Every structure is written in C-alpha cells, then in structure tokens.
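Inspection log for the structure reproduced underneath, given as structure tokens.
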Amino acid sequence: MKNLSTKEYLDTFNKGAFQVSLINWFKSSQRTLPWRADKDPYKIWVSEIMLQQTQVDTVIPYFNNFIEQFPTPIALAEAEEQDVLKAWEGLGYYSRARNLQAAVREVKESYHGKVPEDKDQLSALKGIGPYTLGAIMSIAFEQAEPAVDGNVMRVLARILNINEDIAKPRTRKLFELIVREIIASHDPSSFNQGLMELGALVCRPKNPKCDHCPVQEYCQANTLAIQGMLPVKTKAKKQKKLSYYTFVIENNKGELLVEKRPDNGLLASLWQFPMIETKGVDMNMIPAFIEATFHTNVLTIKQLAPVRHVFSHLIWQMDVYAIKVDQLPQIAANQLMLISNQLSDYPFPVPHQRIINMLV
DNA sequence: AAGTCGGGGCT
DNA sequence: AGCCCAGACTT
C-alpha cells in the first residue's frame with residue numbers, strides 16, 4: 001500500500017456524497033470567527049498569514065487589533081514597520097509581518113490597493129505560498145483551488161488511508177492533486193474550510209472524535225481502526241541549546257540600555273536587552289566586560305531569575321543580570337537608553353518580555 | 001530536500 | 001518532554 005496514484009487513492013471514494021456531508025456539517029457546526037464576518041479578501045489574507053503554524057485561539061485577539069489598526073491594504077502599506085511589528089509582538093515568525101507589509105505595498109502600487117483576484121498575481125506576492133494562495137482564492141473569491149495545510153493532510157490521510165510522509169514537501173503536492181479531484185466546485189470555500197474545521201474540531205491529531213464525525217462512513221482509517229497510525233510524519237530534530245548572559249543595564253538616570261536586532265535572521269528588527277553567549281566567558285568577568293565595552297563604572301550587579309525559551313529549532317538559556325552603572329558614554333547606533341515605561345513602545349520577543357515583566 | 005523562522009497549547 | 005498547529009522562504 002505505497003505510492004499509489006491519485007486515481008488509485010480515489011478508486012472507491014464517493015466524492016459527491018462526501019462533499020454534501022462535509023459542507024452541510026461545516027455550515028451548521030463552524031465556529032464564529034472574526035475573519036468569517038465578511039468576505040473582505042484583505043481580512044481573509046491577514047487571517048491566513050496569522051494562522052500559519054498558529055492556533056485559532058492565539059490569533060483572534062491579534063487579528064482584531066491588527067484590523068483595527070490597519071483596516072485596509074493602503075493603511076498597512078503606509079504604516080511604520082516598527083508599528084506593524086509591535087502589533088505582531090508575541091505572535092512569532094515575524095517575517096510574516098514584514099512580508100505582508102511588503103505585499104500590501106505591492107498591492108497599493110500595482111493594483112490600486114485592491115487585492116488581485118488573479119491567481120498568478122496573488123501568488124507573486126510575498127508571503128503567499130501554495131496554501132495561502134488556495135485559501136484566499138477559495139474563501140474570498142470562490143475559486144476551486146486546493147488549500148492544503150496540516151489539517152487537510154491529516155484528515156485526508158485518514159479518510160483515504162494515505163501513509164506517505166506528510167513532512168516531505170512532495171507529499172503536499174499529492175494532496176493538492178487529490179483535492180483538485182474531490183473539491184466541490186459549487187462551494188470550494190465551504191469545502192476547504194470544512195476540511196480544516198473538521199481537522200481542528202473532530203479529526204484531531206490525538207483522540208479524534210470519530211463517533212461525532214460527519215464523514216465517518218467514508219473514512220478508511222475508521223473502518224480499519226488505524227486512526228492512531230495516520231498521518232505518517234517523520235520526527236523533527238532536537239533543538240540546539242544556546243546559553244547567554246543577558247544584561248539589564250541601568251544608568252544613573254534610571255534609563256535602561258536596549259538594542260535593535262539585525263533586520264534579518266532570528267527575531268529580525270525586534271528589540272532586546274544586550275546578550276552575549278556564555279561559552280567561554282566566566283561570570284566573574286562580567287563587570288570588567290561591561291566597563292571595557294561601555295567605558296563606564298559598574299556600581300552594583302544582581303542576578304535575576306534565569307529565562308529559558310524554546311524555539312522551533314533552538315533553546316535559549318539566559319542568565320540575567322541587573323547592572324547599575326554611573327553613566328554610559330558609549331553606546332552603538334542600534335542602541336537606545338529608555339526609561340522603563342518607554343519599553344512598551346518597542347516590539348520585544350517573548351523571552352525579553354519576560355525580563356521586562358520581572359522589572360516591575 | 002533540508003534548514004530557518006516563534007510561540008503557545010496539549011498530552 | 002515531545003508533538004501539534006489554517007506554512008513560506010532560503011540555500
């Protein structure tokens with residue numbers, strides 16, 4: 001049972017009946033979500049970007065605030081990048097925000113601020129990949145395009161007993177071919193959203209609620225009682241651990257030293273307290289290091305609670321020190337001295353937000 | 001194809 | 001502790 005063709009997977013599949021059951025279930029059981037209030041393609045777009053690798057309950061407050069601040073593509077195009085990142089603060093994958101703003105600037109310049117309905121024009125916009133393209137085309141524009149995300153692959157892997165590795169890029173293409181065969185051309189929006197909603201509410205990764213599934217009778221995994229075996233997915237590698245000394249440096253005016261991260265790479269363009277890798281640096285060298293770097297005198301040094309933060313592919317272990325100095329004559333171009341109540345004007349990643357919370 | 005890019009929720 | 005999540009981009 002490996003590497004079947006699209007047609008073979010669908011050999012005994014009752015497409016029409018499946019569509020009716022799925023769409024009827026979606027229309028009666030869908031959650032009320034803010035991006036479902038209307039069919040504004042911009043709002044659909046923003047929601048789909050935010051929902052990448054991010055749970056619905058996490059996105060809701062960010063989406064509401066974002067649309068209030070940036071209600072149209074033009075408004076977002078004309079905003080300051082730091083304000084956009086501040087609205088994205090804590091949501092993660094910050095290049096999504098950067099790419100989204102670059103894309104609406106393209107929409108403003110090339111399409112008079114109107115989200116294009118053309119598939120190729122939409123696909124060319126930054127941050128719109130295969131999934132998001134299909135989601136916008138089907139949900140906002142009623143076009144029969146596949147929108148294959150993790151939910152769809154899990155649901156269809158179980159229904160059609162597909163045991164190919166969903167971590168492989170080419171497996172997503174197989175699912176796109178299958179969806180092209182079975183999508184309901186009269187209501188592609190409800191069909192695609194129905195697959196995803198089913199994955200989120202019923203056909204969950206663990207403990208799927210098969211007894212309440214509207215398409216149970218079409219599901220091979222249910223018939224064979226192998227729901228727990230599907231989908232097949234190879235394991236991710238373990239995260240690399242990185243240890244840092246992190247410095248909350250306060251001068252004699254009560255100002256704190258913060259710095260802006262580079263505009264590419266991890267947590268690009270966000271702000272942080274200065275950090276250095278602990279590797280090979282003894283904690284006893286910290287005062288001398290601070291004094292040599294900033295040409296200042298260390299008055300007091302106090303260790304705060306350590307902060308541990310897990311990313312997808314690495315782990316930060318931060319030893320945090322609050323350091324009082326008399327003054328800071330030398331700071332770099334990417335650094336600022338701020339009083340504590342100014343910190344909320346700048347976007348900080350979560351591990352540094354935790355430090356800010358320890359200061360009050 | 002593999003690596004990079006966040007953060008939270010669930011078990 | 002590990003896995004999951006309405007993935008896209010870079011190399």
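All figures in this text were calculated on a predicted structure; none of them were measured in a lab.
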Worksheet entry | P spacing across the pair dG8(B) / dA8(C), given as an integer number of angstrom |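 Looking at atom P only, dG8(B) and dA8(C) are 22 Å apart.
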Worksheet item: Quantified in whole Å, what is the C1' atom distance between nucleotide dG6(B) and nucleotide dC3(C)?
Response: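 16 Å, rounded to whole Å.
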Discussion item. Quick one about Tyr131(A) and Gln52(A) (side-chain donor to acceptor, distance below 3.5 Å, no hydrogens or angles considered), yes or no?
Written reply: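 Short answer, no.
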Discussion item. Testing the 3.5 Å rule here: is there a donor-acceptor pair between the side chains of Glu197(A) and Ser29(A)?
Written reply: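 There is no such pair between these side chains.
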Base, sugar-phosphate, or nothing: which does [X] touch, judged by heavy atoms less than 4.0 Å apart?
X: Gly90(A); answer: sugar-phosphate
X: Ile49(A); answer: nothing
X: Val56(A); answer: base
X: Ser312(A); answer: base
X: Arg261(A); answer: nothing

Nucleotide nearest [X] when distance is taken to its side chain, options [options]:
X: Asn151(A); options: dC5(C), dA1(B), dA1(C); answer: dC5(C)
X: Phe311(A); options: dA6(C), dG7(B), dC5(B); answer: dG7(B)
X: Leu51(A); options: dC5(B), dA6(C), dA1(B); answer: dA6(C)
X: Arg354(A); options: dT11(B), dG8(B), dC5(C); answer: dG8(B)
X: Arg154(A); options: dT4(B), dG6(B), dC4(C); answer: dC4(C)

Discussion item. Quick test of your reading of the model: are Glu89(A) and Lys86(A) salt-bridged, counting only N-O distances below 4.0 Å?
Written reply: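 The answer is yes: the pair qualifies as a salt bridge.
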Fill in: Pair Arg170(A) + Glu164(A), salt bridge at N-O below 4.0 Å
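Result for this pair is no, no salt bridge flagged.
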Worksheet entry | Strand-adjacent residues in residues 230-243 of chain A, judged by heavy atoms under 4.0 Å from DNA chain C |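 Result for residues 230-243 of chain A: Lys233(A), Lys235(A), sorted by number.
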Practice prompt. Can you sort out which residues in residues 130-143 of chain A have a heavy atom within less than 4.0 Å of DNA chain C? Ascending by number, please.
Written response: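 Pro130(A), Tyr131(A), Thr132(A) - these, ordered by number, are the residues of the stretch whose heavy atoms sit under 4.0 Å from the strand.
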Practice prompt. Could you check Gln55(A) against Thr58(A) for side chain to side chain donor-acceptor pair (under 3.5 Å), going step by step and ending with a plain yes or no?
Written response: CA-CA 5 Å; Gln55(A) 308 230 92; Thr58(A) 302; 5.8 Å; no
Discussion item. From CG of Leu33(A) over to P of dA6(C), roughly how many Å is that when rounded to an integer?
Written reply: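 Computing the Leu33(A):CG to dA6(C):P distance gives 12 Å.
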Practice prompt. Please check if Leu133(A) and Val152(A) belong to a single hydrophobic cluster, counting links between Ile, Leu, Val, Met, Phe, Trp and Tyr side chain heavy atoms closer than 4.5 Å.
Written response: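 Per the 4.5 Å side-chain linkage, Leu133(A) and Val152(A) are not co-clustered.
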Discussion item. Quick check on the 6.0 Å ring-centre criterion: do Phe66(A) and Trp88(A) meet it?
Written reply: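 For Phe66(A) and Trp88(A), the ring centres are under 6.0 Å apart.
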Discussion item. Measuring centre to centre across the rings, with the benzene-like ring taken for any Trp, is Phe311(A) within less than 6.0 Å of His313(A)?
Written reply: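 Ring-ring flag for Phe311(A)/His313(A): false, centres at least 6.0 Å apart.
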Worksheet entry | Ser47(A) or Gly127(A), whichever maps to the more 5' nucleotide of DNA chain C |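 Whichever sits nearer the 5' end wins; that is Ser47(A).
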